[in-house]
Engineer: 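Just passing along the structure, written as structure tokens.
Note on naming: letters A, B, ... go to the chains in the order of the sequence lines (proteins, then strands), and numbering restarts at 1 for each one.
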Amino acid sequence: MERKRRLIEPGDLSTGEIFHLLRLANDILADPAKYGERCKGRLLASLFYEPSTRTKFSFDAAMLRLGGQVIGFSDPNTSSAAKGETLADNARVVSCYADVIVVRHPKEGAARHIADYADCPVINAGDGGHQHPTQTLTDLMTIQKHMGRLENLTVGVCGDLKFGRTIHSLVSCLSRFPGMRFVFISPEELQMPAFVKDLLHRNDIPYEETNQLEQAIGSLDILYMTRVQRERFVSEEEYLRLKDYFILTEEKMALAKPDMIVMHPLPRVNEIQRDVDSDPRAVYFDQVKNGMYVRMALILFLLGLDKEA
Amino acid sequence: MINVSKLKKGIVLDHITAGHGYRVFRQLGLDKLSDVVVLMTNVDSERMGKKDLIKIETDLPLDFDVLGLLDPGITVSYVENGVCVRKAHLVLPEKVTGILRCKNPRCISQTEDVEPITFHLVDARTKEYACEYCDARTHL
Ligand SMILES: [Zn+2]
């Protein structure tokens with residue numbers, strides 16, 4: 001039997017397929033009505049073994065806007081997992097009903113395990129601190145839309161670079177495209193882990209590390225902000241000492257290029273001040289919208305419905 | 001002095017890092033053989049200073065992935081009629097299945113009954129392998 005297509009990590013997609021998905025997402029964005037019935041009669045199962053309302057909404061909205069339907073759960077206590085059924089059996093059973101499965105699970109590698117047993121395509125909507133590939137596709141779509149290209153960009157990532165899986169995945173994926181340069185802005189305690197830097201070394205991609213957002217911001221085409229979480233710090237004093245380095249304000253934005261864009265995977269706490277929201281360079285809410293379109297494109301692609309009938 | 005020619009037919013595992021011989025012996029299940037097996041430790045070696053060495057007086061299929069993972073410096077010599085007829089040099093395997101265990105407490109393999117995990121070599125220098133499920137790195 002032919003192995004079902006899956007998206008567990010960005011590496012499951014070729015660069016050509018990524019461009020295909022982005023083209024498709026933009027086409028849906030331009031003319032949603034054309035795609036409103038494309039998934040008629042198809043069923044998406046969303047299995048959320050860990051609650052994440054915003055991610056679930058994004059997938060559900062994507063399927064419903066394609067004319068398909070959605071079943072699933074968003075609370076693991078109501079699922080058969082609570083009754084001791086294995087994930088492998090969950091996958092086998094659900095894929096008897098559904099045409100595509102979306103899974104979120106607190107354990108790393110869970111989506112891959114489910115995909116090994118499901119008889120339909122599986123999309124990883126986050127497996128613990130490991131991968132969240134549709135967030136990466138969302139980021140790529142946002143960059144391409146606002147910068148007009150996915151090459152020759154200086155990308156600054158700021159905040160918690162040690163534990164931020166969104167960032168690891170984005171940097172790894174961007175490293176496929178030509179002419180990328182990275183600036184990693186974080187306190188020393190939260191620097192980019194070695195496996196990401198090793199990848200950049202192997203591919204001869206330049207990067208710098210700094211803890212000064214003000215000094216770095218002027219050279220950036222993209223500033224990707226993330227949350228610095230209090231619980232990552234050994235002490236409250238340490239957190240208080242460092243957190244303000246990484247708050248983006250309009251004063252700092254004044255030092256940035258006029259066409260730099262600011263991105264954030266959301267939710268944010270205080271790392272981007274509200275007065276930045278009205279800056280035309282702030283695109284983080286547009287990112288959310290792009291996330292739905294790119295998920296629509298992905299569902300069509302995995303179901304083989306991406307070509308016109 | 002070690003004299004390999006004393007072995008009529010069998011296998012010699014030479015240039016085992018000193019102190020690793022017993023682990024190789026156990027991993028290959030040599031304790032379960034009914035044939036003669038000689039494990040020598042801290043043998044003088046020109047190249048290595050000290051080394052361990054194993055002589056097995058039978059022909060048995062060796063798992064080169066396990067051996068390469070344990071100690072890629074080992075030289076395997078096949079002996080027939082008292083002479084070495086073939087030598088094999090080991091390499092660190094690109095991937096190994098069912099030998100390593102994932103130590104990441106957040107990995108799905110800790111709680112679900114998954115297929116034997118395949119690990120991929122990510123750093124030949126540190127002999128680190130990544131779990132196919134969670135990408136966490138581990139070594140033997
Ligand atoms: Zn693992």
Side-chain angles (χ1 to χ4, degrees), chain A residues 3 6 8-12 47 49-50 76 79-82 84-92 103-118 122 124-133 162-163 165 168-169 171-173 193-203, chain B residues 17 19-20 23 27 61 63-74 89-140:
Chain A
R3 200 176 99 148
R6 49 168 75 175
I8 307 305
E9 52 179 316
D12 292 331
L47 314 182
Y49 296 91
E50 164 187 82
S79 79
S80 43
E85 190 176 55
T86 65
L87 276 187
D89 282 359
N90 272 189
R92 287 192 187 100
V103 61
R104 185 173 183 109
H105 197 284
K107 291 279 181 173
E108 300 174 12
R112 183 191 174 110
H113 179 57
I114 285 180
D116 285 343
Y117 290 91
V122 171
N124 182 7
D127 56 343
H130 185 222
Q131 296 280 353
H132 191 6
K162 187 174 179 186
F163 299 98
R165 77 177 163 197
H168 304 160
S169 185
V171 171
S172 307
C173 198
F195 77 91
V196 178
K197 291 193 273 190
D198 286 348
L199 176 80
L200 298 179
H201 277 301
R202 278 201 301 278
N203 293 293
Chain B
T17 306
H20 288 197
R23 190 160 77 160
Q27 279 283 344
D63 187 333
F64 283 86
D65 281 352
V66 174
L67 268 179
L69 186 64
L70 283 166
D71 192 344
I74 296 175
H89 291 279
L90 298 172
V91 287
L92 210 52
E94 280 300 317
K95 55 180 187 175
V96 290
T97 304
I99 303 164
L100 296 169
R101 277 198 54 230
C102 184
K103 299 184 189 90
N104 173 8
R106 298 173 306 277
C107 179
I108 192 67
S109 68
Q110 307 285 356
T111 46
E112 293 282 326
D113 192 11
V114 302
E115 305 281 321
I117 308 176
T118 299
F119 283 81
H120 297 268
L121 182 64
V122 284
D123 193 334
R125 196 177 42 86
T126 57
K127 294 213 245 169
E128 277 186 313
Y129 284 81
C131 169
E132 64 171 320
Y133 288 99
C134 72
D135 291 309
R137 292 178 178 201
T138 190
H139 44 75
L140 201 68

Engineer: Between A:Gly129, A:Ala110, A:Gly128, which has the largest tally of heavy atom pairs under 4.5 Å with chain B?
Structural biologist: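 Most pairs with chain B among the choices: A:Ala110.
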Engineer: Side chain, backbone, both or neither: which part of A:Tyr117 has an atom under 4.5 Å from a heavy atom of chain B?
Structural biologist: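 Looking at A:Tyr117, just its side chain touches chain B.
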Engineer: Non-hydrogen atoms of chain A under 4.5 Å away: do they reach the side chain of B:Asp113, the backbone, both or neither?
Structural biologist: backbone
Engineer: If we count only N and O atoms by modelled type, under 3.5 Å, do the side chains of B:Tyr133 and B:Glu115 hold a donor and an acceptor together?
Structural biologist: no
Engineer: Under 4.0 Å between a side-chain nitrogen and a carboxylate oxygen: does that hold for B:Lys127 and B:Asp71?
Structural biologist: no
Engineer: Counting only non-hydrogen atoms closer than 4.5 Å, does A:His113 touch chain B with its backbone (N, CA, C, O), its side chain (CB onward), both, or neither?
Structural biologist: both
Engineer: Can any side-chain N or O of A:Asp12 pair as donor or acceptor with the backbone N or O of A:Ile8 at less than 3.5 Å?
Structural biologist: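 A pair under 3.5 Å: yes.
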Engineer: Does anything in residues 90-104 of chain B pair up under salt bridge (Lys or Arg N to Asp or Glu O under 4.0 Å), and if so which pairs, sequence neighbours excluded?
Structural biologist: none
